Each structure stands twice: as structure tokens, then as C-alpha cells.
K.L.:
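Mind having a look at this structure? Questions to follow.
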Amino acid sequence: GLLEVLRLELRPHGIHVGCVCPPDTDTPQLAYENQFKPPETAAISGAIKPYTAEQVAVPLLHLASHYATARAYGLSRHERKMVALDEAGMVGRWGSGRALFNNLGRDTRKWNIAAPIASQNPADILGLNVANFISTSFIGRIEDHETATEALRMLRVTENAGYEAVIAGLSPQVALGNDQTKRGAREFIVKDVMGSVEKVRIDLSHKPALLAALNTTARPQQREDVPA
């Protein structure tokens, strides 16, 4: 019911709504659920071996790649589109994910596609052979020297000339653990489409709702099973 309503409401806006119902998947959630599973439910599952998380994730990645490709290339090349990809290292581990990266990298200009790609490790993106197609890069704080060197390659800045220390010194309030400052502001090294490189500071402290939505840090004390 909910899926059908969402599909009907969002279809006029060009948004596809789908539902995936995987079988039992070997995760901590399933282990927890099995402790309280009624005998009738356990009998339905029978001796079926649960799928691994990867067995479930790979078909979903293929499906997501198919829909993203159909959407990006199904519209007029003159219409502006955006395909946002997070965790580049995970997506790039499979053929469909790598193909999507490469197609988007090659076709962003001719098909008028904006393709923001995020990763915690520059090597994830460098290893996909799309670095030549990157128009703008944002590099945040990286303390590891080798990883910072890879970030400099993305920025096309001279390596081993002291700039790794600049990257390690970004957002010093994060290292100090100042929660109030940490939540609101971050420093980045940015290379723009013209090849200029500069240090910028982005402060979202005046947007608390947005900060809350972007905050993906686990807070164990807020677990539902922990008494207040």
C-alpha cells in the first residue's frame, strides 16, 4: 500500500519508487531477531541458509546502476541531471559500479550530468581511472602521509613538498574535540574547474537541521534498548 501510494505521488516528478525484499541475510540484526522468533516463523525459514550481505548487496548495486544509467541517459542531453554516489570504494568493487563511474566521467559534459562522488580514501577514486574527468575536488583533513599524497595527486599539486602537512592541519578543531565547533565548520583544499587550488572554510553552524541530517556518527548512548 505505502509503496503504491509513493509511486503514484512521485511519478509525476520523474522519481521511480521500487521495493526490494531480500531473504534472511546474515547480519547482527538477524542474529538478534532469531532470539525472539516465534516457532511458526522459524518453521517458515526452515533449513534455508541465510544470504551473506554481499550476496544481497551486489544485485542491488546492479539494479541501482541500471536505474541511474536509464535516468541519466533517458532524458534529453540538454536537460540537467545529477547522479550522486557515496562510498566510491564500495561501489567500484563490482563491474557495474566501475562501468557507471567511467560512463559518468566521460559523459558529464555531453549529457549535462553533474556527478558528485564521495569517498574517505582518494585511492578509491584514483583506482577507477576517472581522475582525468574530475573537474572539482574537495579534500578534507587527512593525517596519514601516504593518503595525503594520493589526495595531492587528485589536486594535481606537487607531492612531498610539504603540502601533506597542510592537509593534515585542516579543521584543527576536529583534533581538539571541540564539539560545538566541530559540528559547524570544516576546512577543505579545493581545486576548481579552472585548476586553481585554495583553502576554504565551510561553516554550517547556522543550519542546525542540516547538520543533524548530515551527522552519521554513531551514538551508542542513544540506542533504543538503553534506559534513559
Side-chain angles (χ1 to χ4, degrees), residues 27 52-69 72 81-109 111 113-177 182 185-202 204 214-218:
T27 63
T52 66
E54 185 169 295
Q55 284 177 309
V56 174
V58 171
L60 293 180
L61 176 61
H62 293 328
L63 184 63
S65 177
H66 166 74
Y67 279 129
T69 301
K81 285 86 65 178
M82 183 177 76
V83 179
L85 301 170
D86 194 7
E87 299 296 348
M90 295 296 294
V91 178
R93 286 173 58 185
W94 293 281
S96 59
R98 290 192 297 273
L100 180 61
F101 271 117
N102 280 276
N103 290 339
L104 291 175
R106 287 176 166 82
D107 294 337
T108 51
R109 183 173 299 176
W111 281 91
I113 302 172
I117 300 172
S119 177
Q120 298 184 49
N121 189 348
D124 293 339
I125 297 176
L126 293 172
L128 292 169
N129 298 318
V130 296
N132 189 50
F133 307 124
I134 297 175
S135 61
T136 304
S137 300
F138 283 76
I139 303 296
R141 181 187 181 92
I142 300 175
E143 298 181 2
D144 178 72
H145 185 277
E146 184 176 344
T147 306
T149 300
E150 293 168 344
L152 291 174
R153 293 187 194 129
M154 288 186 59
L155 296 170
R156 298 183 184 177
V157 171
T158 304
E159 305 165 25
N160 299 312
Y163 295 116
E164 290 84 356
V166 176
I167 294 178
L170 294 172
S171 304
Q173 67 274 9
V174 176
L176 294 174
K182 178 180 177 181
R186 286 288 194 280
E187 294 176 342
F188 299 90
I189 303 296
V190 179
K191 180 184 77 69
D192 64 23
V193 68
M194 302 302 294
S196 300
V197 178
E198 61 182 334
K199 178 180 174 180
V200 302
R201 184 175 187 270
I202 299 176
L204 295 177
L214 294 174
N215 187 0
T216 58
T217 303

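Note that this is a predicted model, so its numbers are computed, not measured.
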K.L.:
Between Thr69 (side chain only) and Ser65 (backbone N and O only), is there a donor and an acceptor less than 3.5 Å apart?
P.N.:
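Pair found, side chain donor or acceptor close to backbone of Ser65.
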K.L.:
From Phe101 CZ over to Ile117 CD1, what is the distance, rounded to the nearest 0.5 angstrom?
P.N.:
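Spacing of CZ (Phe101) from CD1 (Ile117) equals 5.0 Å.
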K.L.:
Closest approach of Pro116 and Val83, non-hydrogen atoms and distance?
P.N.:
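Shortest heavy-atom contact: CD-O, 3.5 Å.
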K.L.:
What's the spacing between Leu170 CG and Arg186 CZ if we round to 0.5 Å?
P.N.:
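Between atom CG of Leu170 and atom CZ of Arg186 there are 11.0 Å.
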K.L.:
Tell me whether Glu187 is salt-bridged to Arg141, with the criterion being a basic N under 4.0 Å from an acidic carboxylate O.
P.N.:
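A salt bridge is absent here (no side-chain N lies under 4.0 Å from a carboxylate O).
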K.L.:
For Thr52 and Gln55, indicate whether the former's side chain and the latter's backbone hold a donor-acceptor pair under 3.5 Å.
P.N.:
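Flag set: sc Thr52 to bb Gln55 pair under 3.5 Å.
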K.L.:
Roughly how far, to the nearest 0.5 Å, is CG of Leu204 from CD1 of Ile202?
P.N.:
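It is 7.0 Å, given to the nearest 0.5 Å.
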K.L.:
List the steps, then state whether side chain to side chain contact (heavy atoms under 4.5 Å, CB included) holds for Lys191 with Thr136.
P.N.:
CA-CA 5 Å; Lys191 180 184 77 69; Thr136 304; over 6 Å; no
K.L.:
Please report the closest heavy-atom contact between Thr108 and Gly105, naming both atoms and the distance.
P.N.:
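Minimum heavy-atom separation between Thr108 and Gly105: OG1-O, 3.8 Å.
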K.L.:
Using the salt bridge (Lys or Arg N to Asp or Glu O under 4.0 Å) rule, collect all pairs that involve residues 151-170, keeping only residues at least two apart or in two chains.
P.N.:
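The answer is Arg153-Glu159.
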K.L.:
Test of understanding: with ring-ring contact (aromatic ring centres under 6.0 Å, His included), list the residues that count as partners of Tyr67, not counting sequence neighbours.
P.N.:
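Only His16 meet the ring-ring contact (aromatic ring centres under 6.0 Å, His included) criterion with Tyr67.
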K.L.:
Can you tell if the side chain of Asn121 reaches within under 4.5 Å of the side chain of Glu150, non-hydrogen atoms only?
P.N.:
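Counting from C-beta outward, Asn121 and Glu150 do come under 4.5 Å.
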K.L.:
With sequence neighbours excluded, tell me which residues meet side chain to side chain donor-acceptor pair (under 3.5 Å) with Gln120.
P.N.:
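Gln120 satisfies side chain to side chain donor-acceptor pair (under 3.5 Å) with no other residue.
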K.L.:
Compare every heavy atom of Leu155 with every heavy atom of Ile189, then report the nearest pair and how far apart it is.
P.N.:
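Looking at all heavy atoms of both residues, the closest pair is CG2-CD1, 3.6 Å.
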K.L.:
Check this for me, if you would: do Arg93 and Glu87 make a salt bridge, where the nitrogen-to-carboxylate-oxygen distance has to be below 4.0 angstrom?
P.N.:
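A salt bridge is absent here (no side-chain N lies under 4.0 Å from a carboxylate O).
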K.L.:
Does atom CZ of Phe133 have more than 12 heavy-atom neighbours, drawn from other residues, nucleotides or ligands, at distances under 6.0 Å?
P.N.:
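Yes - once you tally the heavy atoms of other residues, nucleotides and ligands closer than 6.0 Å, there are more than 12.
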K.L.:
Nearest 0.5 angstrom please: Glu143 CD to His145 NE2, how far?
P.N.:
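Between Glu143 CD and His145 NE2, I get 13.5 Å after rounding to 0.5 Å.
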K.L.:
I would like to know whether Met90 and Leu61 meet side chain to side chain contact (heavy atoms under 4.5 Å, CB included); could you show each step before the answer?
P.N.:
CA-CA 10 Å; Met90 295 296 294; Leu61 176 61; over 6 Å; no
K.L.:
What heavy-atom pair brings Ala151 and Ile139 nearest, and what distance separates the two atoms?
P.N.:
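Nearest heavy atoms, Ala151 then Ile139: CB-CG2, 3.8 Å.
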K.L.:
Test side chain to side chain contact (heavy atoms under 4.5 Å, CB included) on Trp94 and Glu54; report intermediate values, then the result.
P.N.:
CA-CA 11 Å; Trp94 293 281; Glu54 185 169 295; 3.8 Å; yes
K.L.:
Is it the case that the side chain of Asp107 and the backbone of Trp111 share a donor-acceptor pair, with hydrogens and angles ignored and the cut-off at 3.5 Å?
P.N.:
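Not a single qualifying donor-acceptor pair exists.
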K.L.:
How close do Ile125 and Ile134 get, heavy atom to heavy atom, and via which atoms?
P.N.:
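Looks like CG2-CD1, 3.7 Å.
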K.L.:
Just how far is it from atom OG of Ser137 to atom CG of Leu152, taken to the nearest 0.5 Å?
P.N.:
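Rounded to the nearest 0.5 Å, the OG-CG separation comes to 11.0 Å.
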K.L.:
With no hydrogens and no angle check, do the side chains of Asn102 and Arg106 hold a donor and an acceptor under 3.5 Å apart?
P.N.:
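Yes, because at least one side-chain N or O of Asn102 sits under 3.5 Å from a partner of the opposite role on Arg106.
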K.L.:
Would you give the length of the straight line joining atom NE2 of His66 to atom OG of Ser96, rounded to the nearest 0.5 angstrom?
P.N.:
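Between atom NE2 of His66 and atom OG of Ser96 there are 12.0 Å.
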K.L.:
Kindly indicate, with the supporting measurements, whether the criterion side chain to side chain contact (heavy atoms under 4.5 Å, CB included) is fulfilled by Ile113 and Leu104.
P.N.:
CA-CA 7 Å; Ile113 302 172; Leu104 291 175; 4.1 Å; yes
K.L.:
If every non-hydrogen atom of Ser119 is compared with every non-hydrogen atom of Gly89, which pair is closest and at what distance?
P.N.:
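So the minimum-distance heavy-atom pair works out to OG-N, 4.3 Å.
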